[in-house]
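The structure appears below as structure tokens.
All chains are named by letter (A, B, ...) in the order of the sequence lines, taking the proteins before the strands, and each is independently numbered beginning at 1.
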4 protein chains.
Amino acid sequence: MQCPFDTKPRWERRKDARPQELLAAALDLFVERGFASTRLEDVAKCAGVSKGTLYLYFTNKEELFKAVVRDSVVPVIGHAEDIIAGFDGHSADLLRSVMHNWWQRLGAAKASGLTKLIMAEAGNFPDIACFYQEEVIARGTRMFASMLERAVVRGEFRPIDITITTQVLIAPMLMLQTWKHPVGPCDLNSLDPIAFIDAFLDMALHGLLPEPAA
Amino acid sequence: MQCPFDTKPRWERRKDARPQELLAAALDLFVERGFASTRLEDVAKCAGVSKGTLYLYFTNKEELFKAVVRDSVVPVIGHAEDIIAGFDGHSADLLRSVMHNWWQRLGAAKASGLTKLIMAEAGNFPDIACFYQEEVIARGTRMFASMLERAVVRGEFRPIDITITTQVLIAPMLMLQTWKHPVGPCDLNSLDPIAFIDAFLDMALHGLLPEPAA
Amino acid sequence: MQCPFDTKPRWERRKDARPQELLAAALDLFVERGFASTRLEDVAKCAGVSKGTLYLYFTNKEELFKAVVRDSVVPVIGHAEDIIAGFDGHSADLLRSVMHNWWQRLGAAKASGLTKLIMAEAGNFPDIACFYQEEVIARGTRMFASMLERAVVRGEFRPIDITITTQVLIAPMLMLQTWKHPVGPCDLNSLDPIAFIDAFLDMALHGLLPEPAA
Amino acid sequence: MQCPFDTKPRWERRKDARPQELLAAALDLFVERGFASTRLEDVAKCAGVSKGTLYLYFTNKEELFKAVVRDSVVPVIGHAEDIIAGFDGHSADLLRSVMHNWWQRLGAAKASGLTKLIMAEAGNFPDIACFYQEEVIARGTRMFASMLERAVVRGEFRPIDITITTQVLIAPMLMLQTWKHPVGPCDLNSLDPIAFIDAFLDMALHGLLPEPAA
DNA sequence: CATGAATGAGAGTTCATTCAT
DNA sequence: TATGAATGAACTCTCATTCAT
């Protein structure tokens, strides 16, 4: 989290950069404080413009949020889809690859905080919830499911239930995203994300039980 | 969320019932709307009393929230600890038992929504975050870890890293809790929690890869 | 200030003592916190009864206040009037006597704080103001003026303007009453009331200028 | 108290005039109603703006009050200090001069009501009390004491006790200030301030007793 | 395009007063 | 008489949104 609150002098005040600066500032603050608790005045200040200016680019708070999502989350899903389409090896490696990639491109980035935000505040902002459901959740789920189908078809995974296993695999990654953002000031949760992913993949692939004799 | 309380006549006093009614109403609304967005007037109305009455029983919003947690979440952890202490069989069965129990007693109940709430709003309400961290998270984590230690000591699980595996096991359960609460009105996510838990346990215990030997 | 807030057990809960206990508690709190800021619940608690009971004896806050004044201030004026009526010596001695007596009986007592209270809050509570004006101020002023008239008539004071000198003499005594009650927590004003009265009488009787030759 | 400001059209902006208008309105209402009983909404309305606008200029009620004091009382003390520093004649004349000046610049103005306010409400608002004690009372007292020291040193006053005489001289002036503000609606106290000051000075300088010699 | 002063509904909290018991 | 649970209006302070400049 960088900004609160130095009005950036920005030597070259390029008009066309405005929306991007506003989106970046909004992402920062939405992730840090949540949707309802983020004040547009702070977003503006953080982007070095006035409150009124923000309304020239985004009709209201909800539209600003949607723009942030479109800008920072949606592209990542497309990228993952590309990886899957072009992959050729064992599905276990594909799974590892997609998971680590996800983390690098999304989980580790600020945008990961949006997951937490949506889970918590969707109820109060139906518009936003619908938008996110369609643009992110549904699409991300399809992408994951297609990977599992491939694995089962090729006999590389046991013949598991695709739908539910998709959810089982996604769940910890989402938790990882939310854990990355401190839960309050007395956060004891010093978690190593990479270790978490590896431990999870290890467990998911091999199970907790000892090798059955053999 | 429908307020399950009929508006009671003004002078029908039930001092001893009040706190419970208020706690129930507060739980409903906190889970539905989050901490910041829940208006105390609504809580009061929902419990069939006036705004002022609420302050006869709880000094302020934060104390009301803490009381809700103490009333609905904390006892569940104690119960789980008891199960573990008294269990005698194979750790895989203990894990299954604790997970299903958790779901029945906490996950399936409204109180599960508090997890979501905390994740989202902890940053904005440090006092609450600390309270929850100490009373719920730390204690719940210890409980889970003790179960894994037992499993490894008895040679019933592979010698995994306790700390991180605890988190890996907890993560999907927390996600399950948050998923239970619809992400907005257009929630497509019709998830069967029991099936989810079973699928997760199956994966966690046996892994995704096919039996190696055979 | 004694009470805030031990519910007095009062072995013998005499009903007939109730009003007196309430008046005493009310005086304490009115003086300490002012009229508007004194909560009737505190008055009741301080007298060891419930909030509702207070309303059995006094119809509302204003009536309670009037009762306090009638109980603690009004009698003192009558006493001063008696002193004047029965005095026989030099008027300078009478003035000294009345002033010291006033201080002993009223200024030094808690009731002195009511002066401060009235000055400050009269504007917001016209009923109270009128009551106090009639019962206390007007009567007290007449009493003082009669003393000055006697002094001038007997040639013991210079032929000063009675009305205005009355005010000039009363003013410092009233200030002394208000100063007795600390002006906030950082009150540096460690004032010796007796010394103040003596200094004032000395100045009033002899003046600040040196003895004119002689 | 009539609000001297006509309601201005919403979009007639006068940023630079606002603070002064708000301070004037606040002074009026604080003096009329006291600190606790003054509603900020009324202050705003009286200055022709909305409630929210007030918060653009003053962070909260206490800061508004401090600003009022800084604006209306503090400068007057500085002026009195200048008079003393530059005065050359007899101390009796200096005393007369300072007193009359005080009355003209402070006593006669609305700001004189702040004295009353502080005396009454300091106990309930410690922050304000400390501020006033430091910025006004302590400084004003020092100013008066320096004047008396000068008088005694030059042999123009009897060798009186500086500290206590300072208080004796200040007391009636403070009372005069509070009397200026009617004690409720049925105020019988039609007092001529100039006559009061002159009578007080006459008494203070010459005493009440007749010339001894002659 | 850009500004930022202004708005006003709405939140948490307090307390004099009521009234069934 | 005595209680104390309940009320609801009132207060301070916040912030998304508007709009004259």
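Stem regions annotated for DNA chain E: E:2-21 with F:2-21, counting only runs of 3 or more consecutive pairs of Watson-Crick or G-U type with both contacts under 3.5 Å.
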Sequence-aligned protein contact record of nucleotides 9-14 of chain F, with B where the base is within under 4.0 Å of a protein heavy atom and S where only the sugar-phosphate is: BBSSBB

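As rounded to whole Å, 9 Å separates atom C1' of E:dT3 from atom CG of A:Leu56. Atom OH of D:Tyr57 is separated from atom P of E:dT7 by 10 Å (rounded to the nearest Å). Summarising the geometry, the separation between CZ on B:Arg18 and C1' on F:dT7 is reported as 12 Å, rounded to the nearest angstrom. One can place CZ of A:Arg33 at 13 Å from C1' of F:dC15, the figure rounded to the nearest angstrom. Look at CD on A:Glu21: it is 11 Å from P on E:dA2, rounded to the nearest Å.
Just one of C:Asp28, C:Asp42, C:Thr38 meets the side-chain hydrogen bond (donor to acceptor under 3.5 Å, both in side chains) condition when paired with C:Arg33; it is C:Asp42.
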Full working for side-chain contact (heavy atoms from CB on, under 4.5 Å) between C:Phe58 and C:Leu23: CA-CA 10 Å; C:Phe58 307 96; C:Leu23 288 173; 3.9 Å; yes

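In this structure, C:Thr53 does not reach the F:dA2 phosphate: none of its side-chain N or O atoms is under 4.0 Å from OP1 or OP2.
The residue among D:Val49 and A:Leu54 whose nearest nucleotide of DNA chain E lies closer to the 5′ end is A:Leu54.
Checked by atom type and distance alone, the side chain of B:Lys110 never pairs as donor or acceptor with a backbone atom of B:Leu29 at under 3.5 Å. Looking only at distances, a side-chain donor or acceptor of D:Glu121 sits under 3.5 Å from a matching main-chain atom of D:Ala36.
D:Glu63 CD to D:Arg70 CZ: the interatomic distance, rounded to the nearest 0.5 Å, is 6.5 Å. Atom CG in D:Leu114 sits 7.5 Å away from atom CD1 in D:Ile118 (nearest 0.5 Å). With rounding to the nearest 0.5 Å, the separation of CG in B:Leu27 from SG in B:Cys46 is 10.5 Å. Rounded to the nearest 0.5 angstrom, A:Phe131 CZ and A:Asp127 CG are separated by 11.0 Å.
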